[in-house]
Amino acid sequence: PKRPRAGAPGPPPGGAPPAAAVAGAGPGGPTAEATAAGSRAGLLEPLVALVGALRERQTRRAFCDEGAWLLGARAASAAEDAERGSASALALLALMPWTVPFEKRVHAFRSLVASDKLRVRGGDGTPERPRTAPELHIVVRRGRHLLHDGYAQLATQPASALRRVLRVKFVSELGMGEAGIDHNGVFKEFMEETVRAAFDENLGLFSRSASVSKAFYPNPHSGDIHGDHEHLFEFVGRILGKALYEGVTLDIPLASFFVRRVLGAANSLDELPSLDPQLHASLLFTKTYEGDVGDLCLTFALDVDHFGQRRSVDLRPGGAAIPVDNSNRIQYVHLVADHHLNRQVSVQAKALHRGLTSVLAPQWLRLFAAPELTTLLAGEDRDVDVDDLRRHTVYHGGYHELSPTVRALWQVLKDFSNAERKAFLKFVTACSQPPLLGFKHLEPRFSVQCVAPGGGDGGPLTGMMAMVGLTPAERKRLPTAATCFNLLKLPDFRSKKLLREKLLLAIHSNSGFELS
């Protein structure tokens, strides 16, 4: 309804509407405006669903410019209102997230998380606002025990505890406590190693798709391998939720159809290529076959491999006895897709969703489509930008932008392959993926420190020592890292060849905080 003009008569005392508002309405009946408003409200849901379906089509095969989906100037206002916790703005973003650019929704999500952290933790840890909530401490063993130790200590924690600060202490396979001080570095390493163990195909919780991406999805037979597989998937959901909550990127590609299922969406034939492109092509052949489909000898049942044995699964009651013909082949095609994309991973998806939403509010997840949530979790699918990293680097211990060793470092990183750059990034930050929206969002900022000569890590060199450099004997040392500070401790090698050799040896040693 339009607002009345300035000076126009309003409703009389007692709240009765003006006569114009009830023109054409019988006694006690609805007003014309109320009827129109009800009609508009009734149209909203199907219209949003229609536009949402078109948007999904756009993500699979673009048919218009991306800017056509945005609110334009109103997008920034909606995102800012959502950051401030506006319920109406959040509802808009949850209902039609594509109307606001992804980057702005990421900022809104991070603002919501930051506000929640202040509420749950009682402060941000600064001297002005110290935290009042107790930290959560766990001790885990490296190697094959890591996943079990993390599960045993975190799976039963209340949801509020998982949003508190988590401190991790590693114990080596030799039983020795590692000396890492956890200012989020050890925590980040624990997250990465836990997820890597959970997604190991030998464990049997996850399998890799047949698509080019080789993305992960739940093993349909996980329940036959692990009697408590629902609890394990819920724990994995908690870990992924904690990673999103803390802004930790994890190098784990998830199949898009599975992420959609976790978010509550039902998958269709269009999502099948993310699982099995060959099966998708086979179903399209059946769908468009110009001859008699009965010649293909298909029934409404599937033969599945169950630990080396073939089992028959009915797609509908009595399906093994129902032949597929030209009249029912469309139903057959969609039932096959539904079985692979929805039914066989439904239990695992629901369990992972429970774990995810025990850390993150469900309305926060609705800010993102499945591909966007994957990007938020795993980082941007791009090479490590060395120039961007260099622009957001600080130096200590006598090093500066023009120091010979610093210049050699950037030249070496430029020469690295992308896989080597990611290994370097993991070495110094405990995370192999670049932060979403660039290295300016890496906290704390990446730092390079010139270490003191002699044994141990020692302290930083003075400016004069950094100019003179290390002796030949001292140059035998390896670079080290303090991932809790995103800090590279780099001896003054001067030689580009020697720096490359020592840096590669250090980043591939996989010795955690015991490396010296």
Side-chain angles (χ1 to χ4, degrees), residues 46 49-50 52-61 63 204 206-225 229 233 254-353 369-371:
L50 173 61
L54 291 172
R55 175 60 189 174
E56 290 226 357
R57 175 77 178 186
Q58 168 82 4
T59 60
R60 290 193 298 269
R61 181 178 296 179
F63 58 85
F206 290 89
S207 300
R208 282 189 179 267
S209 68
S211 64
V212 175
S213 65
K214 300 294 182 185
F216 288 101
Y217 71 99
N219 180 356
H221 308 303
S222 60
D224 297 316
I225 302 172
H229 76 134
F233 275 102
L254 295 175
S256 60
F257 83 91
F258 174 56
V259 179
R260 282 175 50 85
R261 200 74 188 103
V262 169
L263 293 177
N267 293 297
S268 65
L269 181 64
D270 292 322
E271 279 71 49
L272 192 54
S274 69
L275 172 64
D276 191 336
Q278 186 175 352
L279 176 60
H280 179 255
S282 176
L283 290 178
L284 288 183
F285 172 80
T286 303
K287 182 181 178 181
T288 58
Y289 185 57
E290 295 182 356
D292 184 359
V293 175
D295 294 340
L296 302 179
C297 300
L298 299 172
T299 66
F300 278 81
L302 295 176
D303 287 334
V304 298
D305 185 355
H306 188 265
F307 301 107
Q309 296 181 346
R310 305 299 295 178
R311 287 188 178 180
S312 179
V313 177
D314 285 344
L315 297 174
R316 51 185 284 190
I322 303 174
V324 178
D325 55 33
N326 288 28
S327 66
N328 60 19
R329 61 176 169 180
I330 300 300
Q331 182 188 29
Y332 168 80
V333 166
H334 287 286
L335 285 176
V336 172
D338 178 63
H339 171 80
H340 287 283
L341 298 173
N342 298 312
R343 289 166 55 187
Q344 71 174 358
V345 298
S346 178
V347 172
Q348 297 94 323
K350 288 178 181 177
L352 196 141
H353 180 266

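What you see is a predicted model, and the numbers here were worked out from it, not measured in a lab.
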Ala255 to Ala215 - nearest heavy-atom pair and separation | N-CB, 3.4 Å
Qualifying residues under ring-ring contact (aromatic ring centres under 6.0 Å, His included), relative to Phe206, sequence neighbours excluded | Phe199, Phe233
Would you say Leu275 and Leu341 make side-chain contact, with heavy atoms under 4.5 Å?
-> yes
How many angstroms lie between atom CZ of Arg311 and atom CG of Leu302, to the nearest 0.5 angstrom?
-> 14.5 Å
Separation between CG (Leu263) and CZ (Phe258), nearest 0.5 Å, reads 10.0 Å
Could you tell me whether Gln331 atom CD has more than 12 heavy atoms of other residues or ligands within 6.0 Å of it?
-> yes
For Val304 and His339, which heavy atoms make the closest approach, and how far apart are they?
-> CG1-NE2, 4.5 Å
Would you mind reporting whether Asp314 and Phe300 have side-chain heavy atoms less than 4.5 Å apart?
-> no
4.5 Å side-chain heavy-atom contact, Arg329 and Tyr289 = yes
Closest heavy-atom pair, Ala337 versus Ser268, reported as atoms and distance to 0.1 Å, is CB-C, 4.5 Å
From Asp338 atom CG to Asn267 atom CG, the distance as rounded to the nearest 0.5 Å | 9.0 Å
Shortest non-hydrogen contact from Gln348 toward Ser222 = NE2-OG, 3.2 Å
Does a side-chain heavy-atom distance below 4.5 Å link Asp276 with His340?
-> no
Sequence neighbours excluded, the answer for side chain to side chain donor-acceptor pair (under 3.5 Å) partners of Gln344 is none
Taking the side chain as C-beta and beyond, is there a heavy-atom pair between Asp325 and Pro323 under 4.5 Å?
-> no
Got a sec, which residues hit ring-ring contact (aromatic ring centres under 6.0 Å, His included) with His221, two or more places apart in sequence or on another chain?
-> His306, Phe307
Any donor and acceptor pair, going by atom type alone, linking the side chain of Asn326 with main-chain N or O of Val293 inside 3.5 Å?
-> yes
Hey, what do you get for OH (Tyr332) to OG1 (Thr286), rounding to the nearest 0.5 Å?
-> 6.0 Å
Arg343, CZ atom: more than 12 neighbouring heavy atoms under 6.0 Å = yes
Between CG of Leu335 and CZ of Arg316, what distance do you get to the nearest 0.5 Å?
-> 7.5 Å
Using 4.0 Å as the upper bound for N to carboxylate O, is an ion pair formed by Glu56 and Arg260?
-> yes
Where is the tightest heavy-atom contact between Phe257 and Val345, given as atom of each residue plus distance?
-> CE1-CG2, 4.3 Å
Would you call Asp305 and Arg310 a side-chain contact if the rule is heavy atoms closer than 4.5 Å?
-> yes
Nearest-0.5 Å distance, NE2 of residue His334 to CG of residue Leu272 | 11.5 Å
Check against side chain to side chain contact (heavy atoms under 4.5 Å, CB included), Ile322 and Leu315 = CA-CA 10 Å; Ile322 303 174; Leu315 297 174; over 6 Å; no
Which heavy atom in Ala349 sits nearest to a heavy atom in Arg261, and how many Å separate them?
-> CB-CG, 3.8 Å
